[in-house]
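Residue numbers start from 1 in every chain, and the chains themselves are labelled A, B, ... in the order their sequence lines are given, proteins ahead of strands.
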2 protein chains.
Amino acid sequence: METVERLIRSTQELLWERGYVGTSPKAIQIAADAGQGSMYHHFSGKAELAKAAIERSGAELRAAAEEQFADGTSTERITGYLRREREVLKGCRMGRLTSDPDVMADPVLRAPVDETFQWIRSRLATIIAEGKENGEYPAGLDATRTAATIAAVLQGGYVLARAANSQEPFDLAIEGLVDLLTGVTS
Amino acid sequence: METVERLIRSTQELLWERGYVGTSPKAIQIAADAGQGSMYHHFSGKAELAKAAIERSGAELRAAAEEQFADGTSTERITGYLRREREVLKGCRMGRLTSDPDVMADPVLRAPVDETFQWIRSRLATIIAEGKENGEYPAGLDATRTAATIAAVLQGGYVLARAANSQEPFDLAIEGLVDLLTGVTS
DNA sequence: GTCTATATCACGATAGAC
DNA sequence: GTCTATCGTGATATAGAC
């Protein structure tokens with residue numbers, strides 16, 4: 001693999017594990033097996049490398065979601081997305097960046113994070129709207145609100161799981177949401 | 001205010017804003033208006049200070065929640081808790097620590113985070129169970145799952161809001177959940 | 001209890017040789 | 001493109017005076 005590619009992937013991994021503040025250029029170089037000079041030749045510094053890594057992660061997350069959204073009823077697509085296998089205890093690569101002060105303070109770094117969540121909420125809202133049209137969901141269901149709730153349960157599920165050092169709270173939160181969405185209670 | 005108290009409160013604030021990795025002893029000393037020697041006289045170092053600060057924050061969060069849980073129907077108590085005023089764009093003081101690698105790696109620092117979320121989920125489950133007993137909620141509603149979902153929506157709402165740099169997604173997620181819980185859709 | 005001085009190391013980058 | 005050397009700064013303490 002080429003140096004630039006190794007640098008980007010190593011940065012993605014380190015941002016996931018340790019965040020932006022907790023990731024040093026030195027650590028990236030070691031993980032990518034690249035020298036100091038090499039890294040600074042290809043990227044102006046830590047920030048530019050992080051930008052490339054975050055954008056890459058955003059594209060990968062969207063692609064993974066689209067796979068789940070490909071076909072099925074609205075409920076099947078949403079529950080498929082919610083229940084797909086995830087590295088729950090590692091947390092969300094994108095969501096964890098929202099607690100990184102230097103990422104949030106830099107519009108260039110925050111933009112791909114923002115866009116990723118806007119996209120997923122909008123995509124979920126569309127699927128819910130389709131479910132309303134074909135009678136799968138009641139007409140009174142607010143698609144925009146519900147989409148935000150679904151995205152929030154996922155992100156919050158990661159938080160609860162990491163706090164507990166166990167996947168269980170994540171699964172509970174997801175299944176509790178599925179119960180509410182599929183009217184298991186009525 | 002005494003030095004120890006100022007140190008703890010300043011650490012709470014800095015952990016909230018910048019996390020454990022992003023907070024230096026020096027920054028704490030400046031915020032607390034305490035000298036280097038003073039800080040190391042009262043605390044063995046950054047970790048012990050963080051432990052005190054996280055435990056304090058946990059106690060405060062539980063107290064704030066209990067206020068909302070004091071009286072009303074189950075739905076009133078839950079929606080009151082969900083809708084109470086929050087500094088949404090600052091994120092959750094406790095939740096943000098789950099993305100801090102050094103906090104998660106240290107059992108002593110993770111413990112108060114874990115306990116806080118266990119407590120809130122258990123407290124919510126009790127309220128839901130009470131709602132089932134008095135007929136406010138259907139018997140088929142799983143209290144443990146639903147409690148996890150509610151806690152997750154809050155935590156995820158913070159994430160979405162910070163990503164968007166706007167409180168809107170938080171409010172959408174909360175109201176979407178309230179819709180589902182109160183059966184507005186049926 | 002609080003102060004200043006000092007120590008050691010890592011961070012994030014630049015410079016110039018090869 | 002990659003290497004090594006170097007730089008100035010900040011992190012995280014320790015030591016000992018007051």
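Residues A/Asn165 and B/Asp114 are not in side-chain contact: their nearest non-hydrogen atoms beyond the backbone lie 4.5 Å or more apart. A/Ile174 places a side-chain heavy atom less than 4.5 Å from the side chain of A/Arg83. In this structure the side chain of B/Met94 never reaches within 4.5 angstrom of the side chain of B/Gln155, judged on heavy atoms.
Put simply, CE on A/Met39 is 16 Å from C1' on C/dA15, counting in whole angstrom units. Between A/Ile30 atom CD1 and C/dG12 atom C1' the separation is 14 Å, expressed in whole Å. Rounded to an integer number of Å, the gap from OH of B/Tyr20 to P of D/dA11 is 14 Å. Between the P atom of C/dG12 and the CG atom of A/Leu49 lies a distance of 12 Å, rounded to the nearest Å. The distance between atom NZ of A/Lys26 and atom P of C/dC9, rounded to the nearest whole Å, is 14 Å. Regarding B/Ile28, its CD1 atom lies at a distance of 12 Å from the C1' atom of D/dA11, rounded to whole Å. As a whole-Å value, the separation of B/Lys46 NZ from D/dA11 P is 9 Å. For the pair B/Tyr40 OH and C/dA5 P, the interatomic distance rounds to 18 Å; values are reported in whole Å.
For A/Gln36, taking side-chain heavy atoms from C-beta onward, the closest of the listed nucleotides D/dA13, D/dA5, C/dT2 is D/dA5. Ranking D/dT2, C/dG1, C/dG12 by closeness to the A/Pro25 side chain, first place goes to C/dG12.
The side chain of A/Ser24 places an N or O atom within less than 4.0 Å of a non-bridging phosphate oxygen (OP1 or OP2) of C/dC11. Side-chain nitrogen and oxygen atoms of B/His42 include at least one within less than 4.0 Å of the OP1 or OP2 phosphate oxygen of C/dT2. In this structure, A/Thr3 reaches the D/dT2 phosphate: one of its side-chain N or O atoms is under 4.0 Å from OP1 or OP2.
Environment of CG in A/Asp71: sparse, with no more than 12 heavy atoms of neighbouring residues, nucleotides or ligands closer than 6.0 Å. Within a 6.0 Å sphere centred on NZ of B/Lys46, heavy atoms belonging to other residues, nucleotides or ligands number more than 12.
The 5' end of DNA chain C is approached more closely, in terms of each residue's nearest nucleotide, by A/Ala27 than by the other of A/Ala27 and A/Ser44.
Of the N and O atoms on the side chains of B/Gln12 and B/Ser57, at least one donor lies less than 3.5 Å from an acceptor on the other residue.
The existence of a salt bridge linking A/Arg93 and A/Glu60 is confirmed by a sub-4.0 Å separation between a basic side-chain nitrogen and an acidic carboxylate oxygen.
Within the 4.0 angstrom heavy-atom criterion, only backbone atoms of the sugar-phosphate kind lie near B/Gly35; the bases stay farther away.
With axes fitted over five pairs at each extremity, the angle between the ends of the helix from C/dG1-D/dC18 to C/dC18-D/dG1 is 0° (10° resolution).
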